[in-house]
Amino acid sequence: MSISKDELKKNFKRENYEVELFKEKGYIRKLCPSCNHNFWTLVPDKETCGDTRCAGGYQFLNKKGKNLNFDETIKSLTDFFVKNGHTAIKDYPVVSRWRADMDFTIASIADFQPWVLEGVIDPPANPLVVPQMCIRTGGEFSDIDNIGKTARHLTSFVMFGQHAFNSKTLTDGYWMNKCLDLNFTYLTEELGLKSDEINYVEGIWSGGGNFGPNLEAMAFGTELVNNVFIAYGFENGKVKKLDMQVIDVGWGLERTSWFSQGTPTIYEAIFPKAIEYLKKENDYDINPDLLLEYSRLSGLLAVEEVKDLKDERIELAKKLGMSYDEMIKTIGPLESMYAIADHARTLSMTIADGAIPSNVGGGYNLRVLLRRIIALKELFKLQFSINDIFDLQIDHLSVSYPRVKDQRDQIHKIIDLEIKRYEETKVSGRRIINQLLQKSKEIKFNTLVDLYQNNGINPLMVKELAKEKNVEVDVPDDFYIRIEELLSKQADKKDEIVEYKGLKIDKDYVTFPLYYTDVYQTKFTAKVVDVVDDYNLILDQTLFYPTGGGQIHDTGKISSEGKEYQVTNVFRIGSTTIHRLGEKCTFAKGTKINGEINGKRRLAIMRHHTAVHVINNAAKEVLGDHIWQAGADKTPEKARLDITHYQSVSFEELQKIETLANQVVFEHRSIEKSERDRDAAERDFGFHIYQGGVVPGKILHIIAINSWDIEACGGTHLDNTGDIGIIKLVGSERIQDGIVRLDILAGEPALNYIQNQEQILKESSNILSVEPKILPKTVNRFFREWKEQKKIIDTLNKKIAEVQYSSSKIETKKIKSTEIIVEETYGNQKELIVRASQAVKNFEDGICILISSDDNKVTIVGCKSPQSKANIVEMVKELSLIVGGSGGGKGDLALGGGPNLEKVSDVMSNIHQIIESNIS
RNA sequence: GGGCCGGUAGAUCAGUCUGGAAGAUCGCUUCCUUGGCAUGGAAGAGGCCGCGAGUUCGAAUCUCGCCCGGUCCA
């Protein structure tokens with residue numbers, strides 16, 4: 001459902017916005033002539049709404065307020081709202097693993113989507129506040145290119161979420177009146193604003209099919225906070241009041257801190273140490289008045305509306321009284337420093353929470369950020385250590401987010417690796433460009449596109465590298481836009497095929513799962529609830545595990561009154577478990593049945609599933625805290641575990657993981673299974689429980705391996721790690737950049753694998769009659785000898801040819817002036833070529849045709865001396881036709897042959913005639 | 001997830017479109033030149049042309065599948 005804001009606006013009138021606060025304080029409602037929004041003010045002659053553009057830019061710069069730094073701002077907001085009845089909850093990771101639809105947490109409300117907002121689970125507290133770090137690295141929100149140029153944009157920022165939830169059951173929340181009261185009180189009492197300095201601008205918020213009114217607080221030409229009230233949705237095309245109404249106030253924490261300090265840009269306010277460091281290393285100095293004016297004007301850039309800011313920035317330069325080039329020269333380095341500090345901060349935060357730069361998904365945005373750091377450093381020839389800037393930003397973040405410093409080593413390791421990869425791209429880029437320049441002194445647009453898309457060499461790098469060779473490359477301003485146009489033409493979509501999509505069940509029957517009670521049990525009784533489309537049996541309870549959470553379903557049989565059915569598939573629709581039977585089911589509703597699952601198969605599946613949990617943590621122990629499960633698959637035969645990792649896993653690392661995992665097996669650690677409320681589980685165990693990806697529902701099954709691993713997982717698990725028996729890692733591969741797949745065998749399949757390997761080893765060593773131990777050495781020797789002997793054979797063949805045709809032993813015939821050698825002989829094509837070419841060396845004017853046959857084909861080779869005018873190619877072609885093949889060649893050499901062995905005699909009888917007709 | 005590019009000697013790459021005796025440069029070995037070094041000259045060693053099928057008389061080259069690496073986009 002997408003309805004334009006103008007359309008929605010018709011639904012909102014004065015009453016929807018006029019809160020108690022406005023009445024009490026005597027706010028009046030006005031219309032902003034600049035942006036056409038209604039706004040509320042205490043100043044009757046106030047003309048505009050007070051938004052940055054309407055107010056003519058920022059008015060708070062250089063104006064000292066409460067002077068709260070980043071961490072003090074978090075504390076100030078937290079203290080205020082806790083004092084006013086809110087609970088402060090811990091922030092969520094910036095990598096949003098509880099959601100499948102986004103890579104990074106982009107707003108504080110995302111923490112509560114979808115489960116809380118859909119009413120499935122209760123919020124962790126109500127009302128609450130959360131200092132949620134958010135990441136916005138692209139898309140509609142901010143163009144990365146503009147970071148640093150606008151004085152106010154960041155790729156990561158804290159959205160200090162203030163949320164209240166209201167529904168029939170959630171009665172502790174509050175609505176607009178209290179929200180605006182709190183808002184006004186904070187702004188006046190804590191931030192120290194005077195009441196007549198604050199305006200509230202009316203607006204409509206919409207997102208995810210929902211919408212509602214919002215009131216933005218404005219002061220001194222900037223938006224301070226947006227009070228959003230999620231109140232409405234759509235049902236059958238009609239507007240409907242939501243069952244769950246939510247206060248969604250996102251305090252732009254950095255903005256608030258900046259406002260309180262009045263520094264020229266947001267960057268100095270938030271991470272002053274990083275900016276000071278960069279300025280100092282580069283002896284950078286700028287006239288403070290110029291910077292202030294630049295910053296004030298930057299606030300007016302219409303970032304949200306225009307993608308390429310260049311035209312606007314040319315205007316900006318004019319207003320500053322300088323040319324665009326001059327502005328880039330004086331302020332460009334500073335803008336780059338801002339961007340570098342920002343990017344380092346975002347990278348530190350995301351990597352700390354387990355993201356990895358790569359060429360896919362959100363990881364790609366991180367790679368772009370790092371490469372921009374390097375590119376900007378080079379472009380303005382900035383002096384600084386990338387390690388230092390990361391350390392400074394890690395320090396800065398760690399005051400309020402201490403988990404960042406715990407990952408310091410990992411962050412440096414990943415950044416170093418990425419830089420190395422980038423440098424390698426550049427080295428190969430230089431070579432490729434040098435080669436191109438040897439062929440042509442010009443690099444055209446199409447070439448730029450190829451270099452960028454295939455080799456990852458961006459146009460600026462091409463320009464730079466070409467300049468080293470004194471070639472100027474013209475890079476079009478709209479290069480990236482043209483690339484996008486090229487790509488959008490290639491876009492295509494794929495449909496998902498959902499098995500049993502067409503199957504309709506009358507209602508959502510709740511099948512009680514017996515498989516959680518005792519996982520080793522194989523027999524059960526139950527009652528038939530329904531049979532759908534003859535084959536699909538629904539029971540009131542079941543031991544059959546339906547496919548889900550990466551674990552395959554059980555198989556087995558269901559019987560009653562002498563009839564027995566095989567269960568071939570088990571799956572879930574909603575909370576109904578459906579047993580797919582091998583033949584048509586004749587059970588009436590209410591029939592009591594006996595069920596039995598294939599216990600051996602179930603055990604094998606459980607071994608693999610539990611082994612995956614064991615391996616997951618073993619991999620984390622060996623490779624680092626950035627390891628997360630990115631997918632898994634468990635069957636009776638094998639298991640696969642995909643983990644997040646930035647490079648291939650070495651053989652040694654695999655062995656370490658395997659050893660560690662088996663130690664856990666040998667220690668017979670107990671496995672505790674429990675059901676927990678989602679919010680309690682998140683609180684007690686943290687987000688590491690979401691290894692398996694998104695887990696639906698209010699109640700989570702928690703699988704806890706004693707002092708090893710805790711995950712939310714709906715699968716069936718052993719009671720004890722010892723029951724796994726043995727774990728064998730049989731391989732690993734990088735299935736995509738940033739993800740490594742581990743192939744795992746547990747229990748019997750592991751044993752079979754080991755025995756099979758032993759068998760292969762034994763057979764191989766038997767062939768060579770050696771012990772398996774010395775097999776590598778022996779094979780190596782054999783391989784070496786094989787190569788040597790191949791070479792000797794080549795040499796000998798050459799010698800044989802020399803001996804055979806250098807003497808007068810062979811008979812030759814002469815037609816006109818041409819000496820002719822014809823022989824039916826043996827040998828492969830290569831050998832014949834050597835001999836024939838050797839043979840004609842004895843003559844000024846001579847040809848040699850050799851014919852050989854093996855078990856399935858005839859080979860014909862012809863050679864002529866350089867002076868001979870014989871058409872050797874035509875001769876061989878004609879001869880080859882006789883044996884059912886064809887031939888060809890070039891220069892003095894002709895090659896051919898065919899499959900008809902019995903025609904060789906025909907060849908011999910026709911050969912002289914064919915030769916004669918092709919000698920001119 | 002969807003594309004695109006690449007894998008040939010120890011290294012860097014030609015050759016692939018248009019099938020026909022596997023090449024270049026650097027490096028390596030030996031010899032010559034020199035009092036020694038730099039250099040210069042000569043000879044030589046070094047290739048499962050990523051793997052597997054297919055087409056063909058014949059495949060580094062064409063077709064299909066796989067493996068590995070790189071890269072762009074969502």
Side-chain angles (χ1 to χ4, degrees), chain A residues 100-103 138-139 358-365 367-368 371 421-422 424-432 434-435 438-439 447-459 461 479-480 483-496 630-631 647-648 731-739 783-784 786-788 790-791 794-795 797-798 801 828-838 851-854 856-863 872-873 876-877 879-901 903-904 907:
Chain A
D101 56 342
M102 51 175 72
D103 295 309
S358 75
N359 61 14
V360 284
Y364 182 65
N365 296 331
R367 173 165 289 173
V368 170
R371 295 197 170 181
R421 285 187 181 148
Y422 182 78
E424 279 166 9
T425 302
K426 203 170 162 182
V427 169
S428 74
R430 178 172 291 125
R431 203 172 49 230
I432 291 167
N434 287 350
Q435 272 170 19
Q438 274 171 17
K439 285 178 188 167
T447 315
L448 284 177
V449 172
D450 282 350
L451 286 170
Y452 176 61
Q453 293 208 23
N454 301 337
N455 305 66
I457 309 163
N458 65 52
M461 199 194 276
F479 180 81
Y480 288 98
I483 286 264
E484 244 172 73
E485 280 168 5
L486 279 172
L487 287 169
S488 61
K489 281 178 201 157
Q490 297 164 6
D492 70 332
K493 274 172 193 162
K494 233 178 133 181
D495 287 335
E496 261 183 58
Q647 59 188 5
S648 303
S732 77
E733 56 173 332
R734 246 155 60 103
I735 54 168
Q736 56 173 242
D737 201 5
I739 296 185
F783 187 65
R784 211 179 52 232
W786 169 73
K787 285 206 284 192
E788 280 166 10
K790 206 172 70 164
K791 215 153 270 162
D794 276 354
T795 324
N797 260 320
K798 229 179 222 170
N828 62 31
Q829 182 178 280
K830 200 175 167 187
E831 287 159 5
L832 297 189
I833 290 170
V834 173
R835 274 184 249 157
S837 60
Q838 200 61 237
I851 296 125
S852 94
S853 31
D854 60 15
N856 49 43
K857 64 167 196 279
V858 183
T859 305
I860 303 170
V861 170
C863 246
I872 192 79
V873 173
V876 170
K877 219 178 238 176
L879 290 168
S880 299
L881 273 171
I882 299 173
V883 289
S886 76
K890 58 180 182 183
D892 301 335
L893 181 71
L895 303 156
N900 301 338
L901 294 168
K903 299 279 176 128
V904 173
V907 171

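We name chains A, B, ... by the order of the sequence lines, and we start the count at 1 in each one.
When the P atom is used for both B/U29 and B/G3, the distance is 49 Å, rounded to whole Å. Rounded to a whole angstrom, the distance from the C1' atom of B/A59 to that of B/A53 is 13 Å. Atom name C1', nucleotides B/C32 and B/G70: the rounded distance is 46 Å, in whole Å. Using P as the reference atom, B/G6 and B/G15 are 11 Å apart when rounded to the nearest Å. Comparing the P positions of B/G20 and B/G58 gives an interatomic distance of 15 Å, to the nearest angstrom. Between B/C5 and B/C62, the distance separating the two P atoms is 13 Å to the nearest Å. Taking atom P on both nucleotides, B/U55 is separated from B/G46 by 34 Å, rounded to a whole Å. Look at the P atom in both B/G36 and B/C26: the space between them is 25 Å, to the nearest Å.
Within the 4.5 Å cutoff, no side-chain heavy atoms of A/Leu832 are placed close to those of A/Gln829.
In this entry B/G27 has no Watson-Crick or G-U wobble partner, no candidate having both defining distances under 3.5 Å. Base pairing analysis places B/U34 opposite nothing; no Watson-Crick or G-U wobble pair with both distances below 3.5 Å involves it. In this structure, B/C17 forms no base pair with any nucleotide, since neither Watson-Crick nor G-U wobble geometry is met with both distances under 3.5 Å. B/A22 is unpaired under the criterion used here, namely a Watson-Crick or G-U wobble arrangement in which both key atom distances are under 3.5 Å. Nucleotide B/G54: paired with B/C62 (Watson-Crick or G-U wobble, both distances less than 3.5 Å).
Contact between the side-chain N/O atoms of A/Arg367 and the OP1/OP2 oxygens of B/G70 is not found at any separation under 4.0 Å.
Smallest separation of non-hydrogen atoms from A/Ile872 and A/Ala894: O-CB, 3.7 Å. For A/Val873 against A/Leu893, the heavy-atom pair with the smallest separation is CG2-O, 4.2 Å. Across every non-hydrogen atom of A/Ser880 and A/Gly887, the tightest pair is CB-N, 4.1 Å. Contact detail for A/Val883 and A/Val858: the closest heavy-atom pair is CG1-CG2, 4.0 Å.
Computed from coordinates, the A/Ile833 CD1 to B/C57 P distance equals 17 Å when rounded to whole Å. The CG atom of A/Leu448 sits 15 Å away from the C1' atom of B/C72 (whole-angstrom rounding). The CG-P distance, from A/Leu893 to B/A22, rounds to 10 Å in whole Å. Per the geometry, CZ belonging to A/Arg371 stands 11 Å off C1' belonging to B/C72, to the nearest Å. For A/Ile860 and B/G20, the CD1 to C1' distance is 14 Å, given to the nearest whole Å. Regarding A/Gln829, its CD atom lies at a distance of 5 Å from the C1' atom of B/G58, rounded to whole Å. Spacing between atom NZ of A/Lys830 and atom C1' of B/C48 amounts to 12 Å, rounded to whole angstrom units. Rounded to a whole Å, the CG atom of A/Asn856 is 13 Å from the C1' atom of B/U56.
The side chain of A/Lys857 has B/C57 as its nearest neighbour among B/A21, B/A22, B/C57. Proximity note for A/Leu895 (side chain, C-beta onward) versus B/G20, B/C57, B/U71: the nearest is B/G20.
To the nearest 0.5 Å, the span separating SG on A/Cys863 from CZ on A/Arg835 amounts to 12.5 Å.
If you check distances only, the side chain of A/Thr859 never reaches the base of B/C57 with a donor-acceptor pair under 3.5 Å.
Shown are A/Ile833, A/Ile860, A/Thr859; of these, the side-chain contact (heavy atoms from CB on, under 4.5 Å) with A/Leu895 is made only by A/Ile833.
If you check every strand for non-hydrogen atoms under 4.0 Å, A/Gly896 touches a base.
Nearer the 5' end of RNA chain B, as judged by each residue's closest nucleotide, is the contact made by A/Ser837, out of A/Ser837 and A/Gly898.
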